[in-house]
Amino acid sequence: MLALSYPKAYFERVIIGVDPGRECGVAGIADCLLVHARRVPCDRLGESVEELRYTIPWKRWEVYVGNGHGFASAAASLSAHGIDYGVVEEASTSRPEAKPRMALGIRDRDIIAGVAIALRGAYSGGRLPFTVRR
C-alpha cells in the first residue's frame, strides 16, 4: 500500500463501501484508487474492515453501508468492533445501468454495488439522516 500512496506514507482518504446481502460485497477506495474488493460473510464484516484499517495507511477513514437486505448483520458486526459507519440508500447500486465495472474490470455485482455505495456515501449526499452509528 505504501507503494501506491508514494510519495506520502499514507492515503489522504480511504472510503469503504459495503453492499450487505447473503454475503457483503466490500470495496475499498483510497485516494480514488480501488485498493480492495472482496466478499466476506456479513457477520465477519467488522473483523475484515478492522484488518483493512491496519493494512491501508490513512489520514481520513470512512465506512458506508447500504441499507438493504443483510444490513442488520453487517451493522452488528461493525458495531461489535467499534467501527463508525454511515448508512446509504442502496437502491439501484446493483443495476446493470450503473456500470463502473467497465472501468474497474470487476464483474461481481456485490462488489460493484460496494463501490457505488462508497462513492454515493462519500460524494453524492446519499447518506440517510442520522446515519453515523457505532
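When reading the values below, keep in mind they use all heavy atoms of this one structure, side chains included, and skip hydrogens, waters and symmetry mates. The first residue in the sequence is number 1, and the count goes up from there.
- Identified under the ring pair (Phe, Tyr, Trp, His ring centres under 6.0 Å) test for residues 1-59, with sequence neighbours left out: W58-W61.
- Identified under the disulfide bond (SG atoms under 2.5 Å apart) test for residues 42-92, with sequence neighbours left out: C24-C42.
- Every pair passing side-chain hydrogen bond (donor to acceptor under 3.5 Å, both in side chains) that includes a residue from residues 20-34 is listed here, sequence neighbours excluded: E23-R39.
- Residues L52 and L33 fall within the same hydrophobic cluster, defined by Ile, Leu, Val, Met, Phe, Trp and Tyr side chains chained together at heavy-atom separations under 4.5 Å.
- Sequence neighbours left out, not one pair with a member in residues 58-90 passes disulfide bond (SG atoms under 2.5 Å apart).
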Using the side chain to side chain contact (heavy atoms under 4.5 Å, CB included) rule, take V63 and D84 through it: C-alpha gap first, then chi angles, then the decisive distance, then the call. CA-CA 7 Å; V63 178; D84 289 338; over 6 Å; no
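- K8 is linked by a side chain to side chain donor-acceptor pair (under 3.5 Å) to E12, counting only residues two or more places apart in sequence or in another chain.
- Applying the salt bridge (charged side-chain N to carboxylate O under 4.0 Å, His left out) rule to E47 yields the partners R44; only residues at least two apart in sequence or on another chain are considered.
- Applying the salt bridge (charged side-chain N to carboxylate O under 4.0 Å, His left out) test to residues at least two apart or on different chains, the pairs with a partner in residues 62-71 are R13-E62, R60-E62.
- Just one of I111, V88, I117 meets the side-chain contact (heavy atoms from CB on, under 4.5 Å) condition when paired with D19; it is I117.
- Contact check for I29 versus V14: no side-chain heavy atoms found under the 4.5 Å cut-off.
- By the criterion of side-chain heavy atoms lying less than 4.5 angstrom apart, applied directly or through intervening Ile, Leu, Val, Met, Phe, Trp or Tyr residues, I16 is grouped together with L4 in one hydrophobic cluster.
- Contact detail for I83 and R53: the closest heavy-atom pair is CG1-NH1, 3.9 Å.
- Residues I15 and Y123 have side chains in contact (heavy-atom distance under 4.5 Å, counting atoms from C-beta outward).
- Minimum heavy-atom separation, E89 to R120: O-NH1, 2.7 Å.
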Table please: side-chain donor-acceptor pairs of residues 68-77 below 3.5 Å, with sequence neighbours left out.
| residue | atom | partner | partner atom | Å |
| --- | --- | --- | --- | --- |
| S77 | OG | D43 | O | 3.2 |
| S77 | OG | L45 | N | 3.2 |
| S77 | OG | G46 | N | 2.7 |

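- Within the structure, disulfide bond (SG atoms under 2.5 Å apart) pairs that include any residue of residues 61-92 do not occur (at least two apart or interchain).
- Across all their heavy atoms, L34 and A37 have their closest contact at CD2-CB, 4.4 Å.
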